[in-house]
Every structure is written in C-alpha cells, then in structure tokens.
**Student:** 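Mind having a look at this structure? Questions to follow.
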Amino acid sequence: MKYGYFDDKNREYVITNPRTPWPWINYLGNEDFFSLISNSAGGYTFYKDAKFRRITRYRYNNVPMDSGGKYFYIKDGENIWSPGWKPCKTELDSYECRHGMNYTNIRGEKNGITANVLYFVPLKTWAEVQKLTLTNNSKTVRKIKVFSFIEWCLWNAASDMENFQRNFSTGEVEIEGSVIYHKTEYKERRDHYAYYSVNVPIQGYDTDRESFFGLYNGFDEPQVVAEGKPKNTEAHGWSPIASHCIEVELKPGESKDFIFVLGYVENKEDEKWESKNIINKKKAKETLAKFNTTAKVDNALADLRKYWDNLLSIYTVNSGDDKLDRIVNIWNQYQCMITFCFSRSASFFESGIGRGMGFRDSNQDLTGFVHQIPERARERIIDIASTQFQDGGCYHQYQPLNKRGNNDIGGGFNDDPLWLILGTVSYIKETGDFGILEEMVPFDNDISVARSLFDHLTVSFDHVVNNLGPHGLPLIGRADWNDCLNLNCFSNDPNESFQTTENKTEGSKAESVMIAGLFVVYGRDYANLCNRLGKHNEAKRVQKHVDKMVDVIKKYGWDGEWFIRAYDYYGRKIGSNENEEAKIFIESNGWCTMAGIGKEEGLCNKALNAVKERLDSKYGIVLNNPAFTKYYIEYGEISSYPAGYKENAGVFCHNNPWIMIGETVVGNGNRAWEYYRKICPSYLEEISDLHKTEPYVYAQMVAGKDAFKPGEAKNSWLTGTASWNFYAVTQYMLGIRPDYDGLLIDPCIPTDWKGFKATRKFRGATYRIEVVNPNGKSKGISEVMVDGKPHKSNLIPVFGDGKEHSVKVVLG
Ligand code: BGC
Ligand code: NOJ
C-alpha cells in the first residue's frame, strides 16, 4: 500500500494519508539552524548541535509515537483541528503533506477552511519560518481562532530530560508585543536566547505549559484552546512554552497569511542586556524584519529552491526508469546532504543526545556530497583530521559545536584511520585541489603538534601497518566497520556499553579480514597519490605493504569458497565453513572483491557466488548467515541482537553496495542492479506497509530473512547507506567517476539496457554523456567520442572552459 506519491517536477514526496506506518520526516536547514519535521508537524529544532543547543523539546519513544512539535490549533466554533491532523486527530476533509528539499508544506481542510503551513529555514538564517495561510472556501463569513504552540527545551537536551529538581525552577521568558522570548540561563553563563513570534498583533498568549494544556491533558486537548481564550501566562520555572492566539475573520473566498518565526540569537557578553533583566532584542528584531511579509517569505523560499536547483544540477541521469532517476537525481543526493549536516546525531532513530559526528561515518558521507559543496567538504576533512591522534588512531566521534573528539561511544576502532584516505582522495579527485594536502592540521585539536594533512594520511596508513596480528592481518581493536563485532570485549555486565567497555587488546589475536581488504583498496589509493606527488619512495614502501597484504589475505583470509571475516581473540576463524553459526559475512567479501583480490584465480567470482547463494534474500543481502542464535561472549554485541536484526543478519543497506561494486569489478551488471533495486527505497514504495519507513530515503537496516518480519526497515535517514549507494550507482554502475586527470566513464549496466544519458558538471565544464549499448553488454567499451570526435580512452579530460562537451560511449 502507498501513502502518497512522488512529485518529481517539484522534487517532493506528497503524503496523502496522515496515518503513515511510522512518522515520515523531513529536515529543515542546511547550515547552522535545523529542524526535524514529521508529516504531522512533530519534531524539534536546534542550533548546530542537537545535544548541547536544543531549542524546542521532543519526547522520544512516546505514546502515541511522535509527540511534540510545531503545532497549530484551529478553533472553529466547537470544532478544534490541526492542519497536520495531529495532535488533535480531528478527521480532516482533506490532508496533504509535501516534503521537499529543506521545506515541508502541510495542508489540512475542515468545514470549508483550509490551513496551509509552509515550514522552512531560509538560507543563512538562524530561524525557522512558518507561513500559515488560512482560506475560507465557504460561502459565509467565518470567525475562527488560531493558537500556535511550541515547547522550549532548556538547551541541553540530555539534562533537560533528567535534572528536574533544577529544571523546574530555572525557566524564564519575556514577552513583548507578539514576540515570546525564551531566556532560561541567559543571565548566567549563556550568551543565547530563542524567540517565537508572529507578524500580526495577537489577542493573547501563553508561556506556561500546564496553564495552556491543563495538568491532566495531552497535546490533543489544550484547555486554553477548548475554552477559546488565552490566559496570558508568564512562565516562572516549570515548563515554558510559546503560544499565540489570533482571532481571524475571513470573508467567503478570502485568504490571509500569518508569518511565524522561531529564531535563535547569540549576543556578546557586553551586548547581552537592554536594561536590567531585559534582554537585548536587536538581532531578533533584525531577523523578524527580514521575514515580516508574504513577499519576503516567498522570496526566501525561491532562493532556497534556487540553491537546490543548483546543487542538483551537478549530477543528473536520464535512464527512462522513473524510480531510478528520482532517487539518483533528487532524493539520494538530498539524503547525502542531510547526513553531511547531521552525521548520526538527530533523526527519529537517533536521539540527538547519544552520538555526534563519526570519524569513519563523516569520511564515508563525504563521497556523497563532495560534488555539491566541495568547500564545505574541505572544511569537514580538516575538522575530522584535527581530532586524530599522532599515532593515526582516532576518537570514534566528535561534537559539532566545539569540533573536539570525545570518547562517548569509544575509540580504538582500527578501521577508522583508513577512511580519512577515502575522504581526502574523493575530495581531490572531485576538485583537483592537491593544496589541501599541505594544510597544517592539529592532532587531538592541539595546534602545537600540527602536521600537514598529507602526514595525517601517512599515519592513517601506518596505523594499520603498526597494528598487525599473528597472521599479518590487521588487528581489529575495539571493532571494525561493524561496531558490533567486539572481539576483545568479553562483556558479561548488561550495564556496560559494548562500545565503551574495557577493551582487552593486550595479548589478543583478533584480526579483521575486512580491514585487510579496506587497507588494500585505500593503500593503493594512497600509493597512487604519493606517485602523483613525486613521492616515489613512499609509494614503493606503501605498495610493498599492500602487496604483502594481498598475499596474506589469499593465504589466511580465504576459506575455499569465500573470504573469512576475522580471527577471534584466540586466533580462531570467524565467518568460515568451520563455524557453526555465521559461516559467511558480507563485509570481507565486499572489500576483498572491491579490491579484486584473487580475481584472476577466480576468487572474486566464487566469493560473489557464495554471497548470492547464502546471503541474498528477497529484501537484500543479509550481513551474515546463519544468524547467531545465542550470545557469544567472545564476539560481543553482534550476537546480542535477535536473529535477523541489525548487525546480526539484518540487511545492512550500508554494505550492500560493497557487493554491488564487487559485482561491477567482475563485470556482472545484471546482479549489481538486481541488488540495487532490492534496497532502493523508490522501488519499495508499493510495500510501504511492510517497509514502514519513508519511501524517499534509505534506511540503515531492513529486517533480514531470519527475522520475525523480513522486509521491515528501521533507522531511516542518517546512515552511510546514503553515500555508499550514491557512490556505487553513480560511479560504478552508471560508471561516471571523477579521477585526478578527468572524468572516467566505465559503466556496468544490465545487459537488457539500451543505454542512458547523464549530465555531469565537473571542474568548470558540463559533460553531456550518452552511453549506448547496441550489443547487450554489461561492461567494456568499444568506442568513445568527445565533441563528435573519436577519443582514445574512456578518461575524458578536464576542460575547465565553462562550456558543454558531448561524450558518447559505446559499450562492447
Ligand atoms: C548498533 C550500531 C551502532 C553502534 C554505535 C550499536 O548498538 O548496532 O549500528 O553503530 O551501536 O552506537
Ligand atoms: C552504524 C555506525 O554509524 C557505523 O559507523 C557502523 O559502521 C555501522 N553502524 C555498522 O555497525
């Protein structure tokens, strides 16, 4: 069953039934000020950091799900309703939610009144604008009342949920005209406040939550709204909110706009106050003045649309398959931008409190957005590398507000350093900016020990070289990409986190074949980079280590039919036919085939066939098989999950593309695309009831074949799945791949495709690419024409001339 449809022209997903199987959300803002918003107006707002600078409150895991948001209540006689259906849940005559590129438009209609709310964060603005349009479609004059509602969070989202003995006494507000200011803790150590306003005079307001709702009522029945009369309360402690009341009269056919602004201000110490206890409102008023008319708001929305037109014009495909085109051209790129902004911090599965920006995550995410915002990718690389340690090791994450590494979800994951090579190389290939390698970058944010970014790559590579185990394979440390393969943790205390508990690496023999494959891929990239920089000795040194690793993998990482996954603490195989459970894993087979290890001897084909036979399922490739059915203390969290979920034999959409790319290495386009369609959300729209999460974005995990409900997705939006699928489909399957000296065109498509067209803007020129497939091939090129003339290779040069160039590639 479907709950809406794609409107590709407007780049929107249009939800027509508010009872989606799970809140289907969107993100507003793309720089400093952000909101999450569901299809029924649930969600919250923060400035930069969802943990430390939360502006509005949200209740997780509530009953009902998705409680709290940016609500409007319309009181029309005895009828009370909300444009987004919730929280009132009054049956609407019509409902529509359009999630677009950083804006959401929710429209509800009841008894001849339409309420349309456009929510967005204008570019370069620390505020969310909400344009409410009320229209009278009936034949009589109508008098209605509108109540707005948001609930303030006391800034630190973690202590906001815990420290009630303090919190209930700290809340402070100020009200001036139609603007409600939230200034809790402003008089002591904070330099910031928030505000919520509307651009018309109001009939009244409320700022005390219990007075507004009544102590025993939920979001669905605010007492003030039921009584139709604001109480003009001023919050002192307890739970401050902001609600405006506006009385509206509408003639038949008349429409009126009301512009609400939810904003954030920072003031310097000596500019904090207007007078004693009265906050300096200058900056808030400046922002309000920018958005106080419909025309100004419409212009700001037009600017946002232009911004996205531009971002999404850099890579477009025209394949004739709507489902593919809309995901590649619109939604996958959008999701990549969202993961750039939020890493794994704030979604409807990530609380915004637990996790900041991941070292490995952010590097992988970069491959999905570097073509859109290279300057910000550059800054991100420097930020990430600045948290690295001198020996190449890493904090697993850092906090966006202060850009410092922290140990909240551990460290010592031995794959982490290698991803910096991926991030940096992707950036240079896109931009040609080798200068970034000379940037001086601190270690552990300590500028006194700064070294060049190139040196950071060296220590990243050497971190693996310096941490090899008994077979010569990389030691795993706390875990590798698979956070849950905790081979040194031996945890028997349910109160400790697998991610942060003590790591018994001393004397451990636990090695990772996945890191080995990763090392071969990014070691080669690093060697290649060294050669380009004329550092031939370093390149030779690196190549030696890589060649040796290839031999080691063939000798100790091959199980006869597939690549094994790891060796445990005691040096026993994991992911081998010898094992009773989890005989085979996806990750090592992905990385070793991507690296082409043993391709000539047929190892890659064998491994990929084993994956097909044992791991493939109707809803994608599961992570391991058979699933673990009991807890293995020597394997850790992976075996803690019930069979078929998450890292224990779930379909991890993040690593399915590794197999797709592996399939392109051996030229099997049919299989690569078959895998792609199984997990690509636009192909799953029809089974939304089962799939549950948004049909316009990828989910991290879909329940695997051993699960209770195979095909049910969880953890949509913030996942490496976004960038890896984009990377796989655009660079290896459609095969348009930036390289140091040009754009490489090397598609691997299904044999029954006749071809496709694509446009790629690259280093100052536009490439109009046409791929034709007259002989039903998957891969291999027989002819290349550039600007109508034969071209000797499929590496199309950097033109940088601001012009358009036609590229025709014939498969054969
Ligand atoms: C999850 C992983 C996640 C890790 C870090 C684990 O419980 O299964 O997917 O990366 O926590 O928070
Ligand atoms: C989610 C984490 O963000 C990512 O870093 C990790 O690789 C996967 N889970 C797999 O465990």
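In listed order, ligands and their atoms are each counted from 1. Index from 1, following the sequence.
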**Student:** Can a cation-pi geometry be assigned to Arg57 and Tyr44, taking NZ or CZ under 6.0 Å from the six-membered ring centre and within 45° of the ring axis?
**Tutor:**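 Negative - Arg57 is either too far from the ring of Tyr44 or too far off its axis.
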**Student:** Would the Tyr526 and Phe461 ring centres measure less than 6.0 Å apart?
**Tutor:** yes
**Student:** How close does the nearest protein non-hydrogen atom get to atom 7 (O) of ligand 1, and which residue and atom is it?
**Tutor:** Glu637 OE2, 2.4 Å
**Student:** Looking at ligand 1, does Tyr641 have a heavy atom less than 4.0 Å from it?
**Tutor:** yes
**Student:** Phe340 and Phe369: aromatic ring centres closer than 6.0 Å?
**Tutor:** yes
**Student:** What about Phe348 and Trp24, are their ring centers closer than 6.0 Å?
**Tutor:**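 No, they do not, as the ring centres are separated by 6.0 Å or more.
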**Student:** Taking 4.0 Å as the limit for heavy-atom contacts, which would you say applies to Arg344 with ligand 1: side chain only, backbone only, both, or neither?
**Tutor:**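 Arg344 to ligand 1: no contact under 4.0 Å from either part.
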**Student:** Give me the nearest non-hydrogen protein atom to atom 1 (C) of ligand 2 as residue plus atom name, then the distance to 0.1 Å.
**Tutor:** Gln700 NE2, 3.4 Å
**Student:** When the ring centroid of Tyr334 is compared with that of Tyr696, is the distance short of 6.0 Å?
**Tutor:**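 Distance test on ring centres: not under 6.0 Å, no.
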**Student:** Write out the residue and atom name of the closest protein heavy atom to atom 11 (O) of ligand 1, then the distance separating them to 0.1 Å.
**Tutor:**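 Atom 11 (O) of ligand 1 sits closest to the protein heavy atom Gln499 NE2, 3.7 Å.
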**Student:** Of the backbone atoms (N, CA, C, O) and the side-chain heavy atoms from C-beta on, which set of Asp483 has a member under 4.0 Å from an atom of ligand 2: side chain, backbone, both, or neither?
**Tutor:**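 For Asp483, backbone and side-chain atoms both sit under 4.0 Å from ligand 2.
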**Student:** Indicate yes or no: does Asp408 engage Lys51 in a salt bridge with an N to O separation below 4.0 Å.
**Tutor:** yes
**Student:** Ion pair present between Arg344 and Asp365, side-chain N to carboxylate O less than 4.0 angstrom?
**Tutor:**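 Yes, this pair counts.
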**Student:** Quick check with a 6.0 Å cut-off and a 45 degree axis cone: is Arg572 positioned over the face of Tyr567's six-membered ring?
**Tutor:** no
**Student:** For His654, is the nearest heavy atom under 4.0 Å from an atom of ligand 2?
**Tutor:**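 No, that is not the case, since the closest heavy atom of the residue is not under 4.0 Å from the ligand.
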**Student:** Less than 3.5 Å between some nitrogen or oxygen of His396 and one of ligand 2, yes or no?
**Tutor:** no
**Student:** Hey, what do you get for CD1 (Ile597) to CZ (Phe563), rounding to the nearest 0.5 Å?
**Tutor:** 5.5 Å
**Student:** Output yes when Glu674 and Lys612 qualify as a salt bridge under the 4.0 Å nitrogen-oxygen rule, no when they do not.
**Tutor:**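 Yes.
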**Student:** Among all protein heavy atoms in this structure, tell me which lies nearest to atom 4 (C) of ligand 2, with the distance rounded to 0.1 Å.
**Tutor:**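 Checked against all protein heavy atoms, atom 4 (C) of ligand 2 sits closest to Asp361 OD1, 3.3 Å.
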**Student:** So for Gln700, does at least one of its heavy atoms come nearer than 4.0 angstrom to any atom of ligand 1?
**Tutor:** yes
**Student:** Is Glu647 in polar range of ligand 2, meaning some N or O pair under 3.5 Å apart?
**Tutor:** yes
**Student:** Counting only heavy atoms, tell me which of Asp483, Ile638, Asn486 gets closest to atom 10 (O) of ligand 1.
**Tutor:**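 Shortest heavy-atom distance from atom 10 (O) of ligand 1: Asp483.
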**Student:** Of all the non-hydrogen atoms in the protein, which one sits nearest to atom 5 (C) of ligand 1, and at what distance?
**Tutor:**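 Going atom by atom, the protein heavy atom closest to atom 5 (C) of ligand 1 ends up being Arg355 NH1, 3.6 Å.
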**Student:** In the protein, what heavy atom is nearest to atom 7 (O) of ligand 2, and what distance, to one decimal place, separates them?
**Tutor:** Trp481 O, 2.5 Å
**Student:** Run the numbers for me: atoms of ligand 2, each under 4.0 Å from some heavy atom of Asn482, listed by number.
**Tutor:** 11 (O)
**Student:** To which protein heavy atom is atom 9 (O) of ligand 1 closest, and what is the distance rounded to 0.1 Å?
**Tutor:** Glu647 OE2, 2.6 Å
